[in-house]
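On a predicted model such as this, the values are computed, not experimentally measured, just so you know.
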Amino acid sequence: MEIQRKERILVVDDEASIRRILETRLSMIGYDVVTASDGEEALDVFHTQDPDLVVLDVMMPKLDGYGVCQELRKESDIPIIMLTALGDVADRITGLELGADDYVVKPFSPKELEARIRSVLRRVEKSNSAGIPSSGVIHVNALRIDTNKRQVYKGDERIRLTGMEFSLLELLVGRSGEPFSRSEILQEVWGYTPERHVDTRVVDVHISRLRAKLEDDPSNPELILTARGTGYLFQRIVKDDEE
């Protein structure tokens, strides 16, 4: 009988106390935890330990969290949760723009981080199937969206999306033509309700990243549209039997 491997989390922080706390707590709830104390060590551990998710502090010696995030995104779609400074909105937005999936503000509640980790890891299993054909494949203009393999092609070129980007796209496409508020998207995709207005910026940055990857002209989007006063929607997909 094959034993299922525990999900492995890489915790990267130059504060030993934070590494110890997170290693203890995350191990207690069933994760395999590996740690790194600076950015360069983080990349080494990533390549040798093959983690399923990275918890990544921004301010670190040798290579900061932004640099680590950039390097990881060159080769991997692994989920990344950034730890950012209290009240520094710029830190949070920069991390998201570089490819992070979510952020937690220091000082943070370990329970909050644990909930964010569970939510991000679950996104692979979550399927917003309403409006998606039984084949799991959707064609929109030059795009082919395969919800079974969680892959997107534009023509013959595969477009690499992170897990959260794909889950966001899947939500919008599955209910095309229907506008979603930022709060609804955050709840559906990230699994939590915004406590502060700035929390919804996670959605804005991910929408911007999706547009940059999928739209012919991201500044004048034709696929992922802004619903004035509401949030966002995907252009209505006309099914074959409606034509």
Looking at side-chain heavy atoms only, is the closest gap between Val152 and Arg158 below 4.5 Å?
no
With a 4.5 Å limit on heavy-atom distance, are the side chains of Leu53 and Val55 in contact?
yes
Is a side-chain donor-acceptor pair under 3.5 Å present for Glu75 with His47?
yes
With a sphere of 6.0 Å drawn around CG of Asp44, does it hold more than 12 non-hydrogen atoms of other residues, nucleotides or ligands?
yes
side-chain contact (heavy atoms from CB on, under 4.5 Å) between Met82 and Tyr66, worked out
CA-CA 9 Å; Met82 307 273 308; Tyr66 299 143; 4.1 Å; yes
With no hydrogens and no angle check, is any side-chain donor or acceptor of Glu40 less than 3.5 Å from a backbone partner on Leu63?
no
Have Thr162 and Arg73 got a donor and an acceptor in their side chains that come within less than 3.5 Å?
no
Does one hydrophobic cluster hold both Met164 and Ile159, with members joined at side-chain heavy-atom distances below 4.5 Å?
yes
Spatial distance of atom CD1 (Ile138) from atom OG (Ser176) [nearest 0.5 Å]
8.0 Å
With a 4.0 Å cut-off, would you call Glu71 and Lys74 a salt bridge?
yes
Side-chain contact, heavy-atom cut-off 4.5 Å: Leu22 with Val11?
yes
For a quick check under 3.5 Å, do Glu170 and Thr147 share a side-chain donor-acceptor pair by atom type?
no
Grouping I, L, V, M, F, W and Y whenever their side-chain heavy atoms are under 4.5 Å apart, do Leu171 and Val140 come out in a common cluster?
yes
Heavy-atom pair with the smallest gap, counting every atom of Val12 and Met60:
CG1-SD, 3.3 Å
Validation row: Ser167, Arg150 side chains within 4.5 angstrom (heavy atoms):
yes
Distance from Leu113 atom CG to Leu26 atom CG, nearest 0.5 Å?
6.5 Å
For Glu222, does the CD atom have more than 12 heavy-atom neighbours from other residues, nucleotides or ligands under 6.0 Å away?
no
In terms of heavy-atom contacts, Arg209 and Ala100 come closest through NH1-O, 2.9 Å
Both conditions, 6.0 Å and 45 degrees, for the charged tip of Arg175 above the ring of Phe180: are they met here?
no
Compare every heavy atom of Arg160 with every heavy atom of Glu165, then report the nearest pair and how far apart it is.
OE1-O, 4.3 Å
Neighbour count above 12 (heavy atom, 6.0 Å) for Asp217 CG
yes
Salt bridge or not for Arg116 and Asp101, using N-O below 4.0 Å?
no
Between CG of Leu56 and OG1 of Thr84, what distance do you get to the nearest 0.5 Å?
11.0 Å
Does the side-chain contact (heavy atoms from CB on, under 4.5 Å) test come out yes or no for Leu214 and Lys154, once each step is laid out?
CA-CA 8 Å; Leu214 303 180; Lys154 192 172 185 180; 5.8 Å; no
Could you tell me whether the side chain of Pro179 reaches within less than 4.5 Å of the side chain of Tyr232, counting heavy atoms only?
no
Paired with Arg182, the side chain to side chain donor-acceptor pair (under 3.5 Å) test is passed by just one of Thr200, Asp204, Asp199, namely Asp204
Under 3.5 Å: donor-acceptor pair, side chain of Thr24, backbone of Arg20:
yes
Distance-minimising heavy-atom pair for Leu161 and Lys213:
CD2-CD, 3.6 Å
Does any part of the side chain of Arg25, heavy atoms only, come nearer than 4.5 Å to the side chain of Lys111, both counted from C-beta?
yes
Hey, quick one: are Met28 and Leu121 part of the same hydrophobic cluster, counting side-chain heavy atoms closer than 4.5 Å, chains of contacts allowed?
no
After noting the C-alpha distance and the side-chain angles of Val104 and Glu112, does the key distance pass the side-chain contact (heavy atoms from CB on, under 4.5 Å) rule?
CA-CA 8 Å; Val104 174; Glu112 179 189 8; 4.1 Å; yes
All heavy atoms of Asp52 vs all of Lys6, minimum pair found to be OD2-O, 4.1 Å
Distance only, no hydrogens: is a donor on one side chain within 3.5 Å (strictly under) of an acceptor on the other, for Asp146 and Tyr153?
no
Out of curiosity, Ile78 CD1 to Arg8 CZ, how far, rounded to the nearest 0.5 Å?
10.5 Å
Side chain proximity check, Val202 to Ile185, heavy atoms < 4.5 angstrom
no
pair Glu7-Asp32: side-chain heavy atoms closer than 4.5 Å
no
Is there a path of hydrophobic side-chain contacts, each under 4.5 Å between heavy atoms, that joins Tyr103 and Met59?
yes
Rounded to the nearest 0.5 Å, what separates atom CG in Leu233 from atom OG in Ser181?
12.5 Å
With the threshold set at 4.0 Å, does a side-chain nitrogen-carboxylate oxygen contact exist between Glu15 and Lys106?
yes
Quick check: is Ile21 connected to Ile81 through a chain of hydrophobic side chains (ILVMFWY, heavy atoms under 4.5 Å apart)?
no
Distance in Å, Asp57 CG paired with Asp13 CG, rounded so as to fall on 0.5 Å steps:
4.0 Å
Which heavy atom of Ala42 sits nearest a heavy atom of Val68, and at what distance?
CB-CG1, 4.4 Å
For Leu210 and Glu215, run side-chain contact (heavy atoms from CB on, under 4.5 Å): C-alpha distance rounded to whole Å, both residues' side-chain angles, the deciding distance at 0.1 Å, then the answer.
CA-CA 8 Å; Leu210 268 182; Glu215 300 277 4; over 6 Å; no
